[in-house]
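These notes are about the structure you will find just below.
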Protein chains: 2
Amino acid sequence: MTEASGHEGQPSPPTPRVRLVDVAREAGLSKTTVSAALNGTGRLSPAVRERARETARRMGYRPNATARHLRAGRARLIGYVVGGAPDALWTYLESPYFARLTGATAATSLLRGYAVVLLPAGTLQGEWSDLSLDGVIVADPVAGDTVIEDLLAAGIPVFSDRSVEGRFGASWVDVDAEGAVAEALDHLREQGARRPVLVVPDIATRFHVEVEAAHRAWCAAHGLPELAVRVAESGNGPVVRAVETVLDTPDGAERPDALLVVAEASPPLVLEAARRYGYEVPDDLLVVLVSEDATALYTDPPVTTLSLRPEAVAEAGVEHLVAVLEHGRREPAGTLVPTRLDVRASSVRSGRVE
Amino acid sequence: MTEASGHEGQPSPPTPRVRLVDVAREAGLSKTTVSAALNGTGRLSPAVRERARETARRMGYRPNATARHLRAGRARLIGYVVGGAPDALWTYLESPYFARLTGATAATSLLRGYAVVLLPAGTLQGEWSDLSLDGVIVADPVAGDTVIEDLLAAGIPVFSDRSVEGRFGASWVDVDAEGAVAEALDHLREQGARRPVLVVPDIATRFHVEVEAAHRAWCAAHGLPELAVRVAESGNGPVVRAVETVLDTPDGAERPDALLVVAEASPPLVLEAARRYGYEVPDDLLVVLVSEDATALYTDPPVTTLSLRPEAVAEAGVEHLVAVLEHGRREPAGTLVPTRLDVRASSVRSGRVE
DNA sequence: TATTGGTGCGGGAACGTTCCCGCACAAGAC
DNA sequence: GTCTTGTGCGGGAACGTTCCCGCACCAATA
């Protein structure tokens, strides 16, 4: 360190970073005074304050964040992890919903003064142990995952979905699955659908479990047949195939007249599948997709989507977590985020969008 | 643990977190010894080592990461920022390329023992000042952005594209734009294209600037007309509209016979646009998209894509940055990542995929 | 002139680790 | 029995901040 490698080409000083004491010495002040000057605290004469600031600026002083954190007892860092299969640790980002959830989480956190650390799905607790996280946001945990237990046991505040309700130091936000299903199905029914089919992924995420239950209840309440298909895998391929099995009815059998796809799927691909099987959208088939995919706006016809409002979810989540972190709020708290149906031509029988 | 809160409900002891000295006192050892025992260092008798470990386990000791970082002089934290307009700070995640780049960056970093912090685009330097970042990865910086200068001035190692070449403490990775353009255009020409049109975003990202230059050179070298359209805005809407202006030729004018879309666009939407204007793909129009969008596999016909291989870019990037951080490697270093053309039916004239 | 009250600044501990030492003791060599 | 070498453990400084104090000084009051 002391002796920079001799020959070199563009040898830079190994920059033994300037500390607070260096500034103090240079300015002929104590570190206490300089610290107060830079932070705008303490009782200092304007002259001294300015001298300290000027010296710090001149020397290129940049405070050591780690030391601050140690002193402050927290690092203003929150972890962000998406529950899910350990074999698909990072692919969640490719889903528009999680892309927006992730971005919104980072943005909101930053506004509140916290930075977001990306963590891998699955319970790799060991990996995080040398990260100083003030709290962790667990998005869409799968049932049976132990991450949350581990974190709470470690005394780290957690923010997740309703499954953590009542747990100490945990708060939650959830998407209103029941309202979502009702909103979408009511809309389809108003538009004349009598045989709407639900396509839903076969995973243990709380939201999807609730969607199935809500669908069952709705069908019973409205006296319509309970038509549903479960998709074993995620991704466009499996979902589109599932849609095809729904549309490919044997001759003479009753055809579905509406589709509510809750699995993440590309809007144009779903439309394409419908056309392949001879359906005209929206005349033969009303289509509603639960999706944040922006391509829904640009298809022909544009596709009605049900947004889970990831930005709202993220905001509520960060807000709750920060409340716990800052004010030590300890009462369990939660938010239920309503969904938003964006009606477009694909689900309006008359072809007329309000 | 000592006295569990009596009546229970959800009152937790405010948990005055157990420190190393607490464990030491409890075990009748010194903190030095306990530290050595837990870290597997030092010369200790097996008995003492086990006693320390057992006590720590029993007391639920979790080392304070911040203190470690202060001692170690680094926090094992890497910042990750995507250059771009400050008005679209986070939307980059919705692009498949950046989604995968981001995921791969996080994954690779974690393997190397570093965690990744999501940073907002734009030069909000102030925001990061109380983050202890060991280094920063700047993906696709726009020309004229000062983030990199600021970081280097602050002595923080930076990893970015070739624009940082030669800068001290910086290393780079770049996508082989010239090779990419050549590969795609050669392929289209082999398939019989004589009037291929390039659609490229009108932004100052290094890659896109190089693409335009490479296209110009290629056209000149092969004696084909230099047909190109610049898209002012990003997003599916503008790109599709640009494609439409290309396809909407006045009667009698020569029609394009191939499309090379470098802007991020949804494959099915591009195909749909082609059909709207009466082109049969691939018979009337060969289509190649520079995209990581997985929907390209599921369209009819499947769309040929040119992958920029975000995972490879991320790996090279993290590797270089870590090399600087760990071994203080100071010689400028860089990697040029070759692209990969995935030929599918949309660009094969005969309709036959090899 | 003594007493009070306020202002301006510095000394030093603390945050929780790691790691360089040094000390005590035991065992082997002569 | 002394001298060396080695083993097992602990004391204490250091990482770079912030913040609680206390001390000196000055002005105003009695």
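In what follows, chains are A, B, ... by sequence order, proteins preceding strands, each numbered from 1.
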Extract, from 5' to 3' on DNA chain D, the first and final nucleotides lying under 4.0 angstrom from some heavy atom of chain A. D:dG16 to D:dC20
Toward the 5' end of DNA chain D, which comes first, A:N39 or B:L29, by nearest nucleotide? B:L29
Counting N and O atoms only, with roles assigned by atom type, does the side chain of B:N39 sit under 3.5 Å from a partner on the main chain of B:A36, one being a donor and the other an acceptor? no
When we call it a touch if two heavy atoms are under 4.0 Å apart, what does B:R19 touch: a base, just sugar-phosphate, or nothing? sugar-phosphate
Ignoring hydrogens and geometry, is there a side-chain-to-backbone donor-acceptor pair from B:R62 to B:R19 under 3.5 Å? no
Sub-3.5 Å donor-acceptor pair from the side chain of B:R100 to the main-chain atoms of B:P310, do we have one? no
Of A:A67 and B:G28, whose closest DNA chain D nucleotide lies nearer the 5' terminus? B:G28
Under 3.5 Å, is there a donor-acceptor pair between the side chain of A:R51 and the main chain of A:P46? no
Counting any heavy atom closer than 4.0 Å, what does B:R68 reach on the DNA or RNA strands: base, sugar-phosphate only, or nothing? sugar-phosphate
Considering residues at least two apart in sequence or located in another chain, which fulfil the salt bridge (Lys or Arg N to Asp or Glu O under 4.0 Å) criterion with B:R74? B:E326
Nearest-nucleotide wise, let me know which of B:L70 and B:T32 is further upstream toward the 5' end of DNA chain C. B:L70
Check whether any side-chain N or O of B:N64 sits under 3.5 Å from a backbone N or O of B:T66 as a donor-acceptor pair, and report yes or no. yes
Heavy atoms under 4.0 Å, any strand shown: does B:V48 hit a base, just sugar-phosphate, or nothing? sugar-phosphate
Just call it for A:S45: base, sugar-phosphate, or nothing, with non-hydrogen atoms closer than 4.0 Å on any strand. sugar-phosphate
For B:L44, which contact category applies under a 4.0 Å heavy-atom criterion: base, sugar-phosphate, or nothing? sugar-phosphate
Could you pull out all residues at least two apart from A:R49 that satisfy salt bridge (Lys or Arg N to Asp or Glu O under 4.0 Å)? none
Net bend of the helix from C:dT1-D:dA30 to C:dC30-D:dG1, end axes of five pairs each, nearest 10 degrees: 70°
How would you list, by chain and number, every residue that makes a side-chain contact (heavy atoms from CB on, under 4.5 Å) with B:E315, sequence neighbours excluded? B:T108
Without decimals, in angstroms, what is the distance between A:R49 CZ and C:dT7 C1'? 13 Å
Which residues pass the side-chain hydrogen bond (donor to acceptor under 3.5 Å, both in side chains) test with A:S109, sequence neighbours left out? none
